[in-house]
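Since the structure comes first, as structure tokens, the remarks are kept for the end.
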Amino acid sequence: MKVEQVLQLIQAVSDSELTEFKYEEDGVKLSLKKTEGKIVQVQAPAVIPAASVAPAPAAAAPAAAPAAAEVSAPEAADALPAGNVVKSPLVGTFYAAPAEDAEPFVKVGDSVKEGQVLAIVEAMKLMNEIESDFTGTVAEILVENGQAVEYGQPLFVIK
């Protein structure tokens with residue numbers, strides 16, 4: 001199973017009403033579990049075989065998601081400051097700099113151009129550069145270095 005397929009699967013489970021999903025094929029075991037609409041546990045081997053595996057079809061198991069998850073999402077969107085928001089494209093760990101002893105990619109007040117690297121999100125031991133979708137000034141950094149982030153979570157506000 002390729003990393004892209006795992007990320008698509010995580011997104012499909014996140015968007016569905018499923019609370020738990022397990023998948024196993026050719027020695028690859030994947031277990032996803034979420035509560036209150038968020039994936040809280042992902043178990044997978046450290047190395048995924050290079051063999052391509054077709055994505056598993058989404059199972060339609062009726063599991064009621066807590067109403068609190070539906071209410072908190074709009075409230076969180078309203079709390080964002082005005083400006084263009086750069087969101088995390090995947091679940092992982094946010095890093096503001098390329099190394100522990102290095103300067104951060106950007107700070108509040110820095111000018112950025114579209115395509116400029118803003119941070120790194122580590123997912124399954126892969127470092128993924130987060131690039132700006134906008135040209136402007138970094139108005140706010142919404143997460144701390146080393147913090148776990150979720151798919152679609154706002155990371156930066158660019159004005």
Side-chain angles (χ1 to χ4, degrees), residues 1-16 18-21 23 28-53 55 68-159:
M1 180 175 273
K2 294 182 180 178
V3 174
E4 293 84 16
Q5 292 172 319
V6 172
L7 296 174
Q8 288 174 347
L9 188 57
I10 290 171
Q11 180 59 39
V13 172
S14 294
D15 291 343
S16 74
L18 293 174
T19 57
E20 189 168 348
F21 179 82
Y23 176 77
V28 174
K29 294 180 183 179
L30 181 66
S31 175
L32 305 173
K33 185 184 248 184
K34 68 178 179 178
T35 60
E36 296 185 29
K38 299 178 182 180
I39 293 184
V40 294
Q41 177 182 357
V42 176
Q43 294 177 340
V47 177
I48 297 176
S52 177
V53 177
E70 296 173 12
V71 174
S72 64
E75 289 173 2
D78 293 340
L80 289 178
N84 298 311
V85 177
V86 176
K87 297 180 180 180
S88 178
L90 63 160
V91 175
T93 304
F94 175 87
Y95 294 109
E100 287 183 38
D101 57 345
E103 288 290 316
F105 288 104
V106 294
K107 297 178 215 133
V108 173
D110 287 355
S111 293
V112 295
K113 295 181 180 178
E114 184 175 344
Q116 180 177 339
V117 175
L118 302 174
I120 294 173
V121 173
E122 177 187 6
M124 297 178 65
K125 303 199 185 242
L126 293 175
M127 300 299 179
N128 301 279
E129 292 182 339
I130 307 303
E131 297 177 350
S132 178
D133 298 328
F134 314 101
T135 298
T137 303
V138 177
E140 194 168 347
I141 301 174
L142 304 170
V143 291
E144 297 291 324
N145 192 45
Q147 180 180 338
V149 295
E150 298 180 24
Y151 174 83
Q153 180 177 343
L155 303 176
F156 298 91
V157 177
I158 310 291
K159 290 188 178 181

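All values derive from a computational prediction rather than experimental measurement. The residues of the chain are indexed from 1 along the displayed sequence.
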Audit row: Leu142, Phe156, side chain to side chain contact (heavy atoms under 4.5 Å, CB included) steps and yes/no: CA-CA 6 Å; Leu142 304 170; Phe156 298 91; over 6 Å; no
Where [X] and [Y] come nearest, the two heavy atoms and their spacing:
X: Leu90; Y: Ala123; answer: CD1-CB, 3.2 Å
X: Glu150; Y: Ser88; answer: O-CB, 3.4 Å
X: Ala97; Y: Ala102; answer: CB-O, 3.6 Å
X: Pro154; Y: Val143; answer: O-CG1, 4.1 Å
X: Lys125; Y: Glu122; answer: CA-OE2, 3.7 Å
X: Val112; Y: Ser132; answer: CG2-OG, 4.1 Å

pair Asp133-Asn84: side-chain heavy atoms closer than 4.5 Å: no
Side chain to side chain, Leu155 and Leu118, heavy atoms closer than 4.5 Å: no
Exam field: side chain Asp110 to backbone Val138, donor-acceptor pair closer than 3.5 Å: no
Main-chain N/O of Glu114 paired with Thr135 side-chain donor or acceptor, under 3.5 Å: yes
Nearest-0.5 Å distance, CZ of residue Phe134 to NZ of residue Lys159: 13.5 Å
Set of side chain to side chain contact (heavy atoms under 4.5 Å, CB included) partners for Phe105, sequence neighbours left out: Pro98, Val117, Ile120
